[in-house]
Amino acid sequence: QVQLVDSGGGLVQPGGSLRLSCAASGRTFSSYTVGWFRQAPGKEREFVAGSRYSSGGPIYANSVKGRFTISRDNAKNTHYLQMNSLKPEDTAVYYCALSAKYLIVTTMTSGNAYDYWGQGTQVTVSS
């Protein structure tokens with residue numbers, strides 16, 4: 001089993017930055033995929049960013065490309081989503097997710113492909 005704990009959300013003004021964290025514990029995998037998703041009130045959950053390990057670069061939704069960056073700290077077994085130039089439309093609950101598989105790119109954007117989920121962290125962008 002894998003446990004994911006999301007943190008780092010909060011209230012930020014437009015143009016500001018936040019860094020979300022996803023701390024993983026439990027089983028480890030040599031190859032896996034991490035995704036970040038978000039869900040705004042009244043909207044469907046949507047893919048934000050993802051990355052495959054041990055190889056493969058990150059992919060981003062068009063709406064966040066150039067503003068968000070996904071990364072990890074192996075030593076801490078923690079994944080991050082750095083969010084810059086935040087906009088009001090970025091307001092949502094953000095979730096990290098992990099698949100025990102090395103997903104192909106076209107599958108990475110589907111929440112159904114992931115086995116484990118964090119509890120979510122609220123991000124509110126407002127002046």
Side-chain angles (χ1 to χ4, degrees):
Q1 280 291 358
V2 172
Q3 292 78 43
L4 302 177
V5 178
D6 299 325
S7 63
L11 173 63
V12 63
Q13 292 188 340
S17 298
L18 281 174
R19 188 179 76 161
L20 305 184
S21 299
C22 174
S25 61
R27 275 186 73 185
T28 59
F29 308 96
S30 56
S31 293
Y32 62 97
T33 304
V34 167
W36 287 92
F37 292 78
R38 67 186 181 186
Q39 187 165 21
K43 293 190 176 180
E44 296 284 319
R45 181 179 62 195
E46 65 173 347
F47 172 83
V48 176
S51 192
R52 296 171 295 175
Y53 306 99
S54 56
S55 63
I59 66 170
Y60 299 93
N62 287 335
S63 58
V64 306
K65 203 172 291 185
R67 300 188 298 123
F68 290 12
T69 304
I70 191 171
S71 65
R72 71 171 178 172
D73 184 329
N74 260 346
K76 296 182 179 179
N77 209 12
T78 299
H79 298 268
Y80 301 100
L81 184 68
Q82 178 66 44
M83 307 187 296
N84 298 329
S85 302
L86 282 161
K87 306 174 181 180
E89 51 263 43
D90 294 318
T91 295
V93 178
Y94 284 71
Y95 301 88
C96 73
L98 185 147
S99 168
K101 302 186 180 83
Y102 187 90
L103 298 175
I104 59 174
V105 171
T106 52
T107 307
M108 286 173 69
T109 59
S110 170
N112 293 332
Y114 294 83
D115 307 299
Y116 306 98
W117 289 82
Q119 84 286 3
T121 184
Q122 174 71 48
V123 172
T124 303
V125 185
S126 174
S127 54

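For the ring-ring contact (aromatic ring centres under 6.0 Å, His included) with H79, the qualifying choice from Y116, Y32, Y94 is Y32, the only one to do so. Here the options are V123, V64, T121, the test is side chain to side chain contact (heavy atoms under 4.5 Å, CB included), and the partner is R38; only V64 passes.
When all heavy atoms are compared, the tightest approach of Y102 to S31 is CB-CB, 4.3 Å. Across every non-hydrogen atom of T107 and A113, the tightest pair is CG2-CB, 3.4 Å.
Other residues, nucleotides and ligands contribute at most 12 non-hydrogen atoms within 6.0 Å of the CD atom of E44. The environment of CZ in R45 is crowded: more than 12 heavy-atom neighbours from other residues, nucleotides or ligands sit within 6.0 Å.
Panel note: side chain R52, backbone L103; a donor-acceptor pair is recorded below 3.5 Å. Within the 3.5 Å criterion, the main-chain N or O of T78 finds no donor-acceptor partner in the side chain of D73. Y95 places no side-chain N or O within donor-acceptor distance of the main-chain N or O of G35, the cut-off being under 3.5 Å. At least one donor-acceptor pair under 3.5 Å links the side chain of Y60 to the backbone N or O of I70. Checking side-chain atoms of Q39 against main-chain N and O of A92 turns up no donor-acceptor pair under 3.5 Å. Under the 3.5 Å distance criterion, the side-chain polar atoms of T33 are matched with a main-chain donor or acceptor of K101.
Taking CZ from R67 and OG from S17, the interatomic distance works out to 10.0 Å, rounded to the nearest 0.5 Å.
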